[in-house]
Asks: 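Below is the structure I would like to discuss, written out as structure tokens.
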Amino acid sequence: MINWIKEVEQRKEALLKDTQAFLQIKSVFDSATKGGDAPFGQGIREALGFALDKSKAFGLEIKNVDGYAGHGEIGHGNDIIGVLCHVDVVPEGDGWTSPPYAAEIRDDKIFARGAIDDKGPTMAAIYALRIINELNLPLSKRVRIIFGTDEESGWGGIDYYLKKEEMPSIGFAPDANFPIIITEKGIATISLQGRIEKEQKEMNKAKVTTFLSGNRTNMVPENAMATIAGDRMLLDNIQKDFEAFLEGYDYQGEMKVINGQLELKLEGLSAHAMEPFEGVNAGLELIHFLLSTEEWLTIDQWMLWADQHLYHDYYGEKLGIQYEDNASGPLTINPGIFHIEDGNITIKINIRYPITNDMEKMTYMVREKANTIGCNSILETNKAPHHVDKEHVLVQTLKRVYEEQTGQEAELLSIGGGTYARALDTGVAFGPLFPGRVETAHQRDEHIDIEDLLKATAIYAQAIYELAK
Ligand SMILES: [Zn+2]
């Protein structure tokens, strides 16, 4: 019997040191420094190089696939078990307690952008292979840890890799939650586009000239801005209403007059589009406020439409697209972008839909609703849902290992997010965030508990060995 956690403990100092050094590389997508062997910028190139160098030092066969991705491999045989990680991170944002790339250790946690998503678990997976290698355990399959490079921006790296290299038959992505995620919902973005007709301006009322909210469809927008033109008296009244509104509102707002136009700004609360109910959509809140000023303001069709179909509705009920199945849970929607300027309307809605959802019916329903205000609806992007049967040997093996090491039942989960697991025919997400831990990915003060990092490493080592022996 191998004592996996003991094997990890024996390498703890080196694991922590390597994880910190890895986190100290600012591997954010950077178009200013991309080119040549750095298709996503110098920071990501450096992080990929670091992961490959470490892998090589631990006895793995490595390959750098033109800077788009790379891998480290051990074992023999035809089949490949894939472990899909990524070395890029989202931008750090503001408000950190310690610098986001210092990788400071406090309270037995490592704080850094990428600590939990996904460089901490990437280093855990490298150490898992290191341990199997150093114990000279016999393998009948190959195990390949694949380092993706732009998981957070466009998946160009992993797509390039999978075209050039062999596809692992089965595998997992250490890039979400424990225990095991066997279902990932489909992810569609629908864009509504149209024009505001000029004659919609009512006599003796002010008018919204610009309305902007959100810049990524996969986040709940935390800012919204409206510019309003009209007579001084009308603008004064709207301003007074806004002041009163802010008193009963949980977040900040701002107003000022620029070039004779009133500018209103409103904050909300950002959240991941797969959990829109965790956030406050600043765009929809500001629209809802504007509708309350109709005594002074021209109400455009699009505003009324958005309020009636989207406000405080996270499940698409008002759009008529609510749906749910046992494996996936409910469909969710996130109106992530409102861009109304120069008479052009663009509203983008990100939809996370269950595996048995009828896509055609869903897009038809949205199109019909959009048509009522003269907007077209375009299916901009669509990633099909992903699901692995719970009886599959991959799932059963991971389940057994997880239960053995943690003493907890390994519940099989569904998420609305998309991980690299769906790049494989038979892939699941497996860790690294343990149940009950606070999710800090993409947030300030992102961190990983050192104890969890060690536990995850031990679980990955045994899981890989059981799958490949
Ligand atoms: Zn990730």
Side-chain angles (χ1 to χ4, degrees), residues 19 22-23 25-30 40-41 43-44 47-48 50-51 68-71 82-93 100-101 103 110-126 128 145-159 161-162 171-185 187 216-219 270-275 278 350 352 383 386 413-424 427-434 437-449 452-453 456-457 460:
T19 304
F22 194 27
L23 290 168
I25 303 166
K26 181 178 174 177
S27 52
V28 175
F29 171 79
D30 179 18
F40 306 107
I44 289 177
L48 176 61
F50 185 90
Y68 281 87
H71 70 238
V83 182
L84 275 64
C85 311
H86 65 94
V87 303
D88 60 316
V89 297
V90 293
E92 61 277 11
Y101 301 102
I110 307 176
F111 287 83
R113 171 58 80 229
I116 192 88
D117 180 19
D118 188 44
K119 287 154 110 181
T122 299
M123 197 48 72
I126 293 174
I145 174 169
I146 299 172
F147 307 109
T149 51
D150 75 331
E151 198 271 345
E152 302 289 3
S153 37
W155 286 41
I158 197 72
D159 290 345
Y161 178 90
L162 292 173
F172 64 86
D175 190 20
N177 301 68
F178 280 124
I180 308 167
I181 294 165
I182 61 168
T183 306
E184 296 185 12
K185 292 179 200 172
I187 307 175
R216 288 168 56 170
T217 57
N218 64 356
M219 298 299 286
S270 183
H272 196 287
M274 70 183 185
E275 293 171 328
E278 298 288 345
N350 188 257
R352 313 275 165 147
K383 276 190 204 164
H386 178 76
L413 309 173
S414 162
I415 57 166
T419 74
Y420 272 166
R422 66 171 71 208
L424 299 173
V428 298
F430 188 46
L433 194 69
F434 284 93
R437 292 295 196 200
V438 185
E439 172 68 85
T440 56
H442 296 208
Q443 295 170 33
R444 72 178 68 123
D445 287 345
E446 178 178 346
H447 61 264
I448 188 164
D449 283 74
D452 291 356
L453 180 68
T457 306
Y460 292 153

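Each ligand, and each atom within it, is numbered from 1 in the order the structure gives. Any value given below was found using the heavy atoms of this structure, including those in side chains, with hydrogens, waters and symmetry copies removed. When a residue number appears, it is its place in the shown sequence, counting from 1.
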Asks: For Ala125, give me all partners under side-chain contact (heavy atoms from CB on, under 4.5 Å), at least two apart in sequence or on another chain.
Replies: Val83, Cys85, Ile145
Asks: Which residues pass the ring pair (Phe, Tyr, Trp, His ring centres under 6.0 Å) test with His447, sequence neighbours left out?
Replies: Phe111
Asks: Do Thr19 and Leu453 have side-chain heavy atoms sitting under 4.5 Å apart?
Replies: yes
Asks: Around the Zn ion (ligand 1), how many protein N/O/S atoms fall inside 2.8 Å?
Replies: 4
Asks: Can you confirm whether Phe22 sits close enough to Val87 that some side-chain heavy atom of one is under 4.5 Å from a side-chain heavy atom of the other?
Replies: yes
Asks: Got a sec, which residues hit ring pair (Phe, Tyr, Trp, His ring centres under 6.0 Å) with Phe178, two or more places apart in sequence or on another chain?
Replies: Tyr402, Phe430, Phe434, Tyr460
Asks: Do Glu151 and Asp88 come within less than 4.5 Å of each other through their side chains, counting heavy atoms only?
Replies: yes
